[in-house]
Number of protein chains: 2
Amino acid sequence: MDHEQAVAVLRDKGYRLTPQRLIVLSIVADGAGHMGVDEIFQSAKTAYPYMDVATVYRTLHLFRNLGVVTEVAIGDRLHYELTDPLGGHHHMVCRVCDGAFNLSPHYLEEFRNTLSQEFGFEPDLEHFAISGVCAGCRDSN
Amino acid sequence: MDHEQAVAVLRDKGYRLTPQRLIVLSIVADGAGHMGVDEIFQSAKTAYPYMDVATVYRTLHLFRNLGVVTEVAIGDRLHYELTDPLGGHHHMVCRVCDGAFNLSPHYLEEFRNTLSQEFGFEPDLEHFAISGVCAGCRDSN
DNA sequence: TGTGTTACTGCAACTATTTGCGATTACAAA
DNA sequence: TTTGTAATCGCAAATAGTTGCAGTAACACA
Ligand SMILES: [Mn+2]
Ligand SMILES: [Mn+2]
Ligand SMILES: [Zn+2]
Ligand SMILES: [Zn+2]
């Protein structure tokens, strides 16, 4: 997903291309990796001073529901990034240094299959963040 | 962990046995399974009208840090139960019917080992809840 | 049993997020 | 280009949870 494709999704589904939406989209698209809501909001207010946090939240939720952005809970805060065109990935987030490391979904397929086969339970395993301690922080201790 | 053991933990570590703490403990101990914070608070206010939500939160966090209760995020709300004396367990929580099913930690050991060996990442995998759709809800669809 | 220390509490203010509502505006159709 | 209308917005109020602070009370010790 890139900026252009995202705009096309909005247009195709009949959503209005408001300046607020385009600004939030640009910020998330230009940001490197996950961005926290306040980070996005502060940046948006610079470009458009009347911007309200409620609009940022509503816009991010819309984008998420449309698949344009992907939401990930890091700690207790939600973060957003443009949906990865290569497909899903997960994160290992270090609770000591707050570093985030990507994790291929492949590492969870086995787990998913087990739950599905043993219990008939279909887990939501899309772009989630697992907390823990990274190798660096473990060693320097 | 039972009521008596929990009181012993508090006493041994030098924490005061306030009526507020004993009330919250009794409520969680008597409740069947996970209880939401507001559920605990409402019940506590009946027993002790001056009870404040802040005290309930502080008490639950203390109990969690002492290992007396176990915290589990169900949806976006935190729930608490007395720590399982048989050792940890996880939950599969159905996002359709809100049902919660216990899951033995055994199912996650392989995943833990993989992350540890491949990335040196030590995940926090204690008493967590994985969201998804249960067998019942999947079939009646 | 009485007293002092300080852990703990209630309260109120604060943060993060959500929601209702009346005003605005994107955009389809004229 | 103008206009009608529903979608969207800003604002303010509401909800869940956290935190600073000044007063209260648990409990160690006399
Ligand atoms: Mn990601
Ligand atoms: Mn449990
Ligand atoms: Zn780290
Ligand atoms: Zn279900």
Side-chain angles (χ1 to χ4, degrees), chain A residues 6-28 34-66 68-69 71-80 98 129, chain B residues 6-28 34-66 68-69 71-80 98 129:
Chain A
V7 170
V9 170
L10 286 178
R11 208 194 314 269
D12 291 354
K13 303 237 173 155
Y15 290 97
R16 293 186 181 171
L17 300 176
T18 65
Q20 291 92 336
R21 285 176 178 164
L22 296 175
I23 286 166
V24 169
L25 178 60
S26 295
I27 291 167
V28 175
H34 308 106
M35 300 187 74
V37 175
D38 195 60
E39 199 180 350
I40 296 168
F41 174 52
Q42 294 306 329
S43 181
K45 247 193 335 198
T46 306
Y48 189 84
Y50 288 107
M51 182 77 69
D52 194 86
V53 225
T55 300
V56 172
Y57 279 106
R58 281 190 280 231
T59 301
L60 290 171
H61 292 168
L62 172 68
F63 288 179
R64 174 198 59 198
N65 294 337
L66 294 175
V68 166
V69 302
E71 180 183 82
V72 61
I74 297 188
D76 56 353
R77 303 283 169 76
L78 294 179
H79 292 242
Y80 297 86
D98 282 330
Chain B
V7 170
V9 170
L10 287 178
R11 208 193 316 268
D12 290 355
K13 303 238 173 151
Y15 290 97
R16 294 182 183 175
L17 300 176
T18 66
Q20 292 91 336
R21 285 176 179 166
L22 296 175
I23 286 166
V24 169
L25 178 59
S26 295
I27 291 167
V28 176
H34 308 107
M35 300 187 75
V37 175
D38 195 61
E39 199 180 350
I40 296 168
F41 174 52
Q42 293 307 329
S43 180
K45 244 192 337 198
T46 306
Y48 189 84
Y50 288 108
M51 182 77 67
D52 194 86
V53 225
T55 300
V56 172
Y57 280 107
R58 281 191 279 232
T59 301
L60 290 170
H61 292 168
L62 173 67
F63 287 178
R64 174 196 59 199
N65 293 338
L66 293 175
V68 166
V69 302
E71 181 182 81
V72 60
I74 297 188
D76 56 352
R77 303 285 169 77
L78 295 179
H79 292 242
Y80 297 88
D98 282 330

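Sequence lines set the chain letters: A, B, ... in the order given, protein chains first and strands last, and positions in each chain run from 1.
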Quiz prompt | Heavy-atom protein contacts under 4.0 Å, nucleotides 25-30 of chain D, coded B base, S sugar-phosphate only, - none | solution = BBS---
Quick one: [X] [atom1] to [N] [atom2], roughly how many Å, whole number?
| X | N | atom1 | atom2 | answer |
| --- | --- | --- | --- | --- |
| A/I23 | D/dT8 | CD1 | C1' | 14 Å |
| B/F41 | D/dA16 | CZ | P | 11 Å |
| A/Y57 | D/dA16 | OH | C1' | 13 Å |
| B/L60 | D/dA16 | CG | P | 15 Å |
| B/E39 | D/dG17 | CD | P | 13 Å |
| B/L62 | D/dT18 | CG | C1' | 16 Å |
| A/H61 | D/dT8 | NE2 | P | 16 Å |

Exercise. Could you check A/V24, A/V68, A/V69, A/L10 and say which one makes a side chain to side chain contact (heavy atoms under 4.5 Å, CB included) with A/L62?
Key: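 Single side chain to side chain contact (heavy atoms under 4.5 Å, CB included) partner of A/L62 among A/V24, A/V68, A/V69, A/L10: A/L10.
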For [X] against [Y], the heavy-atom pair lying closest together:
| X | Y | value |
| --- | --- | --- |
| B/L66 | B/K13 | CD2-CD, 4.1 Å |
| A/F41 | A/D52 | CE1-C, 3.7 Å |
| A/M35 | A/I27 | SD-O, 3.5 Å |

Quiz item: So, B/S43 side chain and B/E39 main chain: donor-acceptor pair closer than 3.5 Å or not?
Solution: no
Quiz prompt | Side-chain (A/T59) to main-chain (A/T55) donor-acceptor, under 3.5 angstrom | solution = yes
Self-check item: DNA chain C: 5'-most and 3'-most nucleotides touching chain A, 4.0 angstrom heavy-atom criterion
Solution: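 Under 4.0 Å from chain A, the extent on DNA chain C is C/dA16 to C/dC27.
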Side-chain heavy-atom pair [X], [Y] within 4.5 angstrom cut-off:
| X | Y | value |
| --- | --- | --- |
| B/Y80 | B/V37 | yes |
| B/Q42 | B/T46 | no |
| A/H61 | A/R58 | no |
| A/Q20 | A/Y50 | no |

Self-check item: Contact list for DNA chain C against residues 44-53 of chain A - heavy-atom distance below 4.0 Å
Solution: none
Exercise. Would you please test A/V28 and A/F63 for side-chain contact (heavy atoms from CB on, under 4.5 Å) and show each step?
Key: CA-CA 11 Å; A/V28 175; A/F63 288 179; 5.9 Å; no
Quiz item: Could a donor-acceptor pair under 3.5 angstrom be found where the side chain of A/R58 meets the base of D/dG10?
Solution: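 Looking at the base of D/dG10, it does pair with a donor or acceptor on the side chain of A/R58 (distance under 3.5 Å).
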